[in-house]
Amino acid sequence: MPAAAAPIISSVQKLVLYETRARYFLVGSNHAETKYRVLKIDRTEPKDLVIIDDRHVYTQQEVRELLGRLDLGNRTKMGQKGSSGLFRAVSAFGVVGFVRFLEGYYIVLITKRRKMADIGGHAIYKVEDTNMIYIPNDSVRITHPDEARYLRIFQNVDLSSNFYFSYSYDLSHSLQYNLTVLRMPLEMLKSETTQTRQESFDIFEDEGLITQGGSELLIYGRPVYVTLIARRSSKFAGTRFLKRGANCEGDVANEVETEQILCDASVMSFTAGSYSSYVQVRGSVPLYWSQDISTMMPKPPITLDQADPFAHVAALHFDQMLQRFGSPIIILNLVKEREKRKHERILSEELVAAVTYLNQFLPPEHTIIYIPWDMAKYTKSKLCNVLDRLNVIAESVVKKTGFFVNRPDSYCSILRPDEKWNELGGCVIPTGRLQTGVLRTNCVDCLDRTNTAQFMVGKCALAYQLYSLGLIDKPNLQFDTDAVRLFEELYEDHGDTLSLQYGGSQLVHRVKTYRKIAPWTQHSKDIMQTLSRYYSNAFSDADRQDSINLFLGVFHPTEGKPHLWELPTDFYLHHKNTMRLLPTRRSYTYWWTPEVIKHLPLPYDEVICAANLKKLIVKKFHKYEEEIDIHNEFFRPYELSSFDDTFCLAMTSSARDFMPKTVGIDPSPFTVRKPDETGKSVLGNKSNREEAVLQRKTAASAPPPPSEEAVSSSSEDDSGTDREEEGSVSQRSTPVKMTDTGDSTKVTENVVQPMKEVYGINLSDGLSEEDLSIYSRFVQLGQSQHKQDKSSQQLCSRCPDGVIKLTPISAFSQDNIYEVQPPRVDRKSTEIFQAHIQASQGIMQPLGKEDTSMYREYIRNRYL
């Protein structure tokens, strides 16, 4: 088998920071603690960052000897005051980075993490807690009066909420990009990109502001993971009314790349498993526009800040999209088109003019597709179903862009082709399919309407993904099924998180609102969310914007220059062309990058070329090296594992959380159910809250518990979402004996369902004679499934009269739950089957003598 590229699965995952008066020593190890690295950080420099990496791989014994020598060498003399030796400062799981304001540098460490998802054996973690440590020693520290204020502004960005990372999987790129890199021939990678092994200290660095959720879809016992990843752009980032439109470089506000990944969880390898993904984008309208919030109005007027007759900023933005996603670029514009007073329609008119101007220079096969649809207007209409219209748009979009899958089409789809499947776009390659192009959805805020539209497009793409993996017979999913309810909950969590970050409140209008099945209590919640969003935009968005500018490095504190809170506006920070002379202007007609247009419809970032190869860092490993051994890293046979660590994924499950708990219900997640048949309506919200209270009381007797955030977020009706932390509390804790009386016994009666309702039988009752007879027949059936020798035949002859003697029809010699050896088929049957397959492909077999005589006999009896 030829050598292939493989990701580094085992890297530095455990960190310990040791402290002396002159240095910090950051000791990192892999999870098995077999290889160590040491990073030395100087503490004697008041404002400079001095880091020394010896690039040596230590063993556990060598690290102990090194730390012992450091401890002995830093001890002070007897009788001298002050601290001495080497001290262990903090344990961590990663380094977010180093930051400096007006004094010295700080190091930001990840001290708590939680595993939230798994993609191809690569663990995805959520940052639970961080620690910020000042590096310079107190003896050399130069204090500044404004340092504390900058530190408070920086810490306003909560790193413990919605920041995710992985040691081995690149979260900043899509699954299609990552797997395309792994398929590159090694001959092309043997260039200047190849570097020596262990050249740098491999530690985690922050990927950016990312939200992620994962759920498990159980299809007749076959686990399928559905993962939703949102990548928020760090360029032109900010809050709702303070960041609108685009900047001078084509970066738009509230730009989020949403990717849904579907994988068969029974096989975790990227090479042997089945994986599929679909990507779509949301972002503000790419024009120079803004809204003045000084008027204290709920909807400030929209103003166009600059005239752009040649669509310069829109050309920069769509050039970036062509480079990242390929063609076609499809714009779904959801802003209002008919208004008594022009408000949102201003953006529609300008966007139509910009797209029309840019399209006249593009090749016809790669033009930008513009779809305007006034979603608010159709929502108010009683005659129009909003989601049905969105479903039609979603079908046309997915057919144009296609989706990514890492395996070729199934043989069943070739034998029984579907009409919709044959019309699917994208790029078909020998190893599967590639998505070419992307859907870009926008309204004014890119929150409520955009999230519903993206859910409908994602639902349509999910049906094609399930069909491509052979899990459903037709690429179609209906509402009120367990699969769609699970997917809808994922998108609502996704929309709530993005809305809180950008707008200051959760979603106001959800999918149920547009389906017009939301309960009457939802209206009061919508009013409260609207008031919360208005309050946040009016009073707290300015402070949040300052924190984002400082955290992302848009503003650098400098001695002698105005401070961040003294700036009247941050316009000059995000528009670089106002601070320097303009470079050479781009062409008004050839507004795209020449290299990008040559490789369309494929995205230029995924094309194998010299420019892209320079972005890769390749290291040489033996195929049996620990760094790329995914089996040892995932199963960890070198240590004693506990169930709480091995099964720590707290995912929403279609079987546990959505499927009805009564007997006789079809367990398929694709069966349409009534609203009162869901698993959540059977358990109720009250019992879930009481169960969380019980787990909180008994946390002392359980294994290492999750954080308080996980316990407090398990209430459904308080947060409006179904958090993954709920599963980690209620499912992974060890059983606890109930010793309290009174109320606690009532709570357990409400939480635990009757055994008769769950299993269809009460196991505490005695078995009847008929049941015993059935069980004996079942045992006899199990004894007769393999080949029977003479001894087994004699044993069957001694069986009691009430048991039926069974003779096996077929025998399987090496069957198990993964593989079955079929019985032998004679030659005639094989020829008949092959002729049947060829007939379905239009290849007819020549008639034999028997067939000719039979046909003549039929003609004679029928017509003569």
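Sequence positions, counted from 1, serve as the residue numbers for this chain. Remember, predicted model here, so these are calculated numbers, not experimental data.
With sequence neighbours excluded, no residue satisfies side chain to side chain donor-acceptor pair (under 3.5 Å) with Tyr275. Legend: residues meeting side-chain contact (heavy atoms from CB on, under 4.5 Å) with Ile429, ordered by chain and number and at least two apart, are Cys427, Thr431, Leu434. Under the side-chain contact (heavy atoms from CB on, under 4.5 Å) criterion, Ala265 pairs with Pro223, Tyr225, not counting sequence neighbours. Scored by the side chain to side chain donor-acceptor pair (under 3.5 Å) test, Gln435 finds no partners at all (sequence neighbours excluded). Listed by chain and residue number, Asp409 satisfy the salt bridge (charged side-chain N to carboxylate O under 4.0 Å, His left out) test with Arg433 (two or more places apart in sequence, or in another chain). Under the side-chain contact (heavy atoms from CB on, under 4.5 Å) criterion, Pro601 pairs with Ser327, His366, Thr436, not counting sequence neighbours. Listed by chain and residue number, Glu423 satisfy the side chain to side chain donor-acceptor pair (under 3.5 Å) test with Lys399 (two or more places apart in sequence, or in another chain). By the salt bridge (charged side-chain N to carboxylate O under 4.0 Å, His left out) test, Arg440 pairs with no residue at all, sequence neighbours left out. Every residue meeting the side chain to side chain donor-acceptor pair (under 3.5 Å) condition with Asn254, not counting sequence neighbours, appears here in chain and number order: Arg232.
Side-chain atoms of Val397 and Gln280, non-hydrogen and from C-beta on, never get closer than 4.5 Å to each other. The side-chain heavy atoms of Phe404 and Ser174, taken from C-beta on, include no pair separated by under 4.5 Å. Arg673 places none of its side-chain heavy atoms less than 4.5 Å from the side chain of Asp480. Side-chain atoms of Ile219 and Pro669, non-hydrogen and from C-beta on, do get closer than 4.5 Å to each other. For the pair Leu466/Leu477, a side-chain contact is recorded, criterion being any heavy-atom separation below 4.5 Å from C-beta on. At a threshold of 4.5 Å between non-hydrogen side-chain atoms, the residues Phe325 and Leu439 do not count as touching. Contact annotation: the side chain of Ile369 never approaches that of Val355 to less than 4.5 Å [non-hydrogen atoms, C-beta and beyond]. The side-chain heavy atoms of Tyr278 and Thr401, taken from C-beta on, include a pair separated by under 4.5 Å.
Other residues, nucleotides and ligands place no more than 12 heavy atoms under 6.0 Å from the CZ atom of Phe833. Within a 6.0 Å sphere centred on CD of Glu419, other residues, nucleotides and ligands contribute 12 heavy atoms or fewer. In Gln478, the CD atom is not crowded: 12 or fewer heavy atoms of neighbouring residues, nucleotides or ligands sit closer than 6.0 Å.
For Leu358 against Trp591, the heavy-atom pair with the smallest separation is O-NE1, 3.2 Å. Contact record, Ile472 with Ala463: CD1-O, 3.4 Å, taken as the closest heavy-atom pair. Between Ile597 and Leu600, the closest heavy-atom pair is CD1-CD1, 3.4 Å. Between Gly326 and Pro603, the closest heavy-atom pair is N-CB, 3.5 Å. Here the closest non-hydrogen pair linking Val281 and Val438 is CG2-CG2, 3.8 Å. Listed here is the closest heavy atom pair of Cys443 and Thr450: SG-OG1, 3.1 Å.
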Worksheet entry | side chain to side chain contact (heavy atoms under 4.5 Å, CB included) evaluation trace for Asp388 with Tyr378 | CA-CA 11 Å; Asp388 285 348; Tyr378 284 94; over 6 Å; no

Item to complete: Might you work through the salt bridge (charged side-chain N to carboxylate O under 4.0 Å, His left out) test for Glu489 and Arg485, ending with a clear yes or no?
Response: CA-CA 6 Å; Glu489 185 177 274; Arg485 281 170 175 163; over 6 Å; no

Worksheet item: Run the side chain to side chain contact (heavy atoms under 4.5 Å, CB included) check on Ile368 and Met321 step by step: do they pass?
Response: CA-CA 11 Å; Ile368 302 171; Met321 296 197 69; over 6 Å; no

Item to complete: Apply side chain to side chain contact (heavy atoms under 4.5 Å, CB included) to the pair Ser215 and Phe487, showing each step before the final yes or no.
Response: CA-CA 8 Å; Ser215 295; Phe487 192 66; over 6 Å; no

Practice prompt. Determine, step by step, whether Glu488 and Lys512 satisfy the salt bridge (charged side-chain N to carboxylate O under 4.0 Å, His left out) criterion, reporting the C-alpha distance in whole Å, the side-chain angles of both residues, the deciding distance to 0.1 Å, and the verdict.
Written response: CA-CA 10 Å; Glu488 178 183 342; Lys512 291 184 177 61; 3.2 Å; yes

Practice prompt. Apply the test side chain to side chain contact (heavy atoms under 4.5 Å, CB included) to residues Met375 and Leu390: give CA-CA distance (whole Å), side-chain angles for both, the deciding distance (0.1 Å), then the verdict.
Written response: CA-CA 9 Å; Met375 189 171 177; Leu390 279 176; 3.8 Å; yes

Discussion item. One pair to check against ring pair (Phe, Tyr, Trp, His ring centres under 6.0 Å): Tyr467 and Trp421. What are the steps and the verdict?
Written reply: CA-CA 9 Å; Tyr467 180 79; Trp421 182 259; 5.1 Å; yes

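To the nearest 0.5 Å, the span separating CZ on Phe270 from OH on Tyr169 amounts to 5.5 Å. Atoms SG and CG, on Cys263 and Leu175 in that order, are 9.0 Å from each other to the nearest 0.5 Å. Distance check, rounded to the nearest 0.5 Å: CG of Asn406 to CG of Leu179 gives 6.0 Å. With rounding to the nearest 0.5 angstrom, the CD1 atom of Ile393 is 5.5 Å from the CH2 atom of Trp373. Atom CD of Glu606 sits about 4.5 Å away from atom OG1 of Thr180, to the nearest 0.5 Å. Rounding to the nearest 0.5 Å gives a distance of 4.5 Å between CD1 of Ile124 and CG of Leu171.
Taking the six-membered ring for Trp and thresholds of 30 and 60 degrees, His494 and Tyr491 have ring planes more than 60 degrees apart, a perpendicular arrangement.
The closest side-chain donor-acceptor pair between Asn451 and Arg510, if any, does not fall under 3.5 angstrom. Looking only at atom types and distance, the side chain of Tyr370 has a donor-acceptor partner in the side chain of Asn333 under 3.5 Å away.
The side-chain hydrogen bond (donor to acceptor under 3.5 Å, both in side chains) contacts involving residues 592-602 comprise Asp319-Thr593, where partners must be two or more places apart or lie in separate chains. For residues 456-478, no pair satisfies salt bridge (charged side-chain N to carboxylate O under 4.0 Å, His left out), with sequence neighbours left out. Listed by first and then second residue, the salt bridge (charged side-chain N to carboxylate O under 4.0 Å, His left out) pairs involving residues 254-267 are Arg222-Asp264, Arg231-Glu257, Arg231-Glu259, Glu255-Arg324, Glu257-Arg324 (not counting sequence neighbours).
Asp170 places no side-chain N or O within donor-acceptor distance of the main-chain N or O of Asn178, the cut-off being under 3.5 Å. Remark: the backbone N or O of Cys446 is paired with a side-chain donor or acceptor of Arg282 at under 3.5 angstrom.
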